[in-house]
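Data block below; observations after.
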Protein chains: 2
Amino acid sequence: MSQEQSGRAPKGTGVEGKEVEDLESLLGYQLKHLQTTLRSRMDATLRPLDLTTPQYNCLEQLRRSPGASNSELARGAFVTRQTMNTLVRGLQERGLITRPAKADSGRILPTRLTPAGERLLDQAVSRVEAISARMVSPLDDETRTKVTEALGLCIAALEESEDG
Amino acid sequence: MSQEQSGRAPKGTGVEGKEVEDLESLLGYQLKHLQTTLRSRMDATLRPLDLTTPQYNCLEQLRRSPGASNSELARGAFVTRQTMNTLVRGLQERGLITRPAKADSGRILPTRLTPAGERLLDQAVSRVEAISARMVSPLDDETRTKVTEALGLCIAALEESEDG
DNA sequence: CTCTTAATGTCAGCATACTGACATAAATGA
DNA sequence: TCATTTATGTCAGTATGCTGACATTAAGAG
């Protein structure tokens with residue numbers, strides 16, 4: 001609380017430093033709040049399609065990278081390959097994606113959207129984009145760009161130390 | 001792919017609209033990336049203390065709101081009370097927090113940190129603050145404030161429609 | 001060619017987080 | 001007062017997401 005962190009003094013304007021508290025960790029707090037709210041809204045809008053947000057993300061990424069491996073999908077969705085594996089299986093059982101039972105060359109089992117998967121994804125995309133648009137609606141283009149860049153800097157700062 | 005979604009033209013600056021694609025959803029993407037990375041770093045730094053990020057959040061909130069109910073903690077951590085319940089039980093079994101078996105007045109069971117919980121939390125806080133500081137280290141004070149405010153606007157935009 | 005290293009897919013176990021449902025207690029309105 | 005609404009704690013079930021571990025295959029080093 002009272003251990004000076006790095007010499008900067010955002011509370012040096014006057015008398016007490018009580019309400020100010022943690023301007024730093026406030027970013028983490030807002031981050032979590034927004035992420036949770038966004039996830040909640042996406043889940044709600046996808047529920048009529050019987051899709052969850054991670055499932056949507058998987059399908060969406062598969063459209064942009066047809067034939068991607070499970071590990072590739074995992075990296076793109078920021079989850080482990082184990083997590084993505086269970087996700088992929090569920091989508092496969094529902095006939096939304098296809099995956100060969102055996103690999104021709106290595107171990108990689110290239111995954112692809114089925115026509116049913118594409119159709120469902122089309123519906124999902126328009127729903128999700130409406131939410132995404134609403135989220136950023138209070139920000140003008142410049143702010144939006146700035147914020148995105150700032151978040152990118154934060155990511156880099158966290159990742160540069162002790163591998164990625 | 002080629003079905004115009006809503007008529008807006010963020011790609012209307014020139015010739016092709018391929019790379020630009022989704023400036024909107026990029027914010028969501030960065031959001032998820034940063035959140036995941038932060039969570040990963042926090043988990044890693046808390047592991048020696050045998051604490052997870054949600055557990056840390058619970059303890060931390062309990063220090064600021066001693067005697068909080070389970071539902072209060074849930075709201076503060078942006079999870080359901082069911083989720084918080086399991087979290088609280090685990091911490092209780094480890095003797096880090098206390099909770100009466102029966103309520104004196106209503107149904108609320110006020111929760112508090114034990115001395116052991118306080119000690120552990122002290123260690124955790126310094127570790128987590130180091131990570132939080134590293135995350136925001138690339139941002140100057142003005143940018144940090146702007147970003148936090150911008151995220152707040154996004155939260156409000158998502159929450160204002162169809163209850164909160 | 002052989003050993004090592006990295007990458008992939010998968011099994012098991014556990015923690016987190018949600019929805020749905022139920023009983024109980026407080027607050028509110030009629 | 002009595003009924004309705006709201007808030008809380010909890011049970012059950014399921015989905016997500018992690019670590020640890022293992023076998024298999026690819027790629028490189030020697």
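Lettering of chains follows the sequences in order, A, B, ..., and the numbering in each one begins at 1.
Rounded to the nearest 0.5 angstrom, A:Leu34 CG and B:Lys32 NZ are separated by 13.5 Å.
Atom pair B:Asn85:CG and D:dA12:P shows a separation of 13 Å (rounding to whole Å applied). The CG-C1' distance, from B:Leu46 to C:dA15, rounds to 14 Å in whole Å. At whole-Å resolution of the value, CE in B:Met42 and C1' in C:dA15 are 15 Å apart. Rounded to a whole Å, the NZ atom of B:Lys102 is 20 Å from the P atom of C:dA23. When the P atom of C:dA23 is taken as reference, atom CG of B:Leu109 falls 19 Å away, rounded to whole Å. Atoms CG (A:Asn70) and C1' (C:dT10) sit 9 Å apart, rounded to a whole Å. At whole-Å resolution of the value, CD1 in B:Ile108 and P in C:dA26 are 9 Å apart. Rounded to an integer number of Å, the gap from CE of A:Met84 to P of C:dG9 is 11 Å.
At least one donor-acceptor pair closer than 3.5 Å links the side chain of A:Ser137 to the backbone N or O of A:Arg134. Using modelled atom types, one side-chain atom of B:Arg127 and one backbone atom of B:Thr45 make a donor-acceptor pair closer than 3.5 Å. Here the side chain of A:Glu129 pairs no donor or acceptor atom with the backbone of A:Ser126 at under 3.5 angstrom. A side-chain donor-acceptor contact under 3.5 Å links B:Thr80 to the backbone of B:Thr83.
Remark: B:Arg144 engages B:Asp141 in a salt bridge, criterion side-chain N to carboxylate O under 4.0 Å.
Evaluated for a side-chain hydrogen bond (donor to acceptor under 3.5 Å, both in side chains) with A:Arg39, the options A:Thr37, A:Thr36, A:Asp43 yield exactly one hit, A:Asp43.
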Per-nucleotide protein contact string for nucleotides 13-19 of chain D (B base, S sugar-phosphate only, - none; heavy atom under 4.0 Å): ---SBBB
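Rotation axes derived from the C1' atoms of the five outermost pairs at either end of the helix from C:dC1-D:dG30 to C:dA30-D:dT1 lie 30° apart, to the nearest 10°.
Side-chain N/O atoms of A:Arg107 and base N/O atoms of C:dT8 include a donor-acceptor pair closer than 3.5 Å.
Residues B:Leu109 and B:Leu73 fall into different hydrophobic clusters, defined by Ile, Leu, Val, Met, Phe, Trp and Tyr side chains chained together at heavy-atom separations under 4.5 Å. Cluster membership for A:Ile108 and A:Val88, using ILVMFWY side-chain heavy atoms within less than 4.5 angstrom, is not shared.
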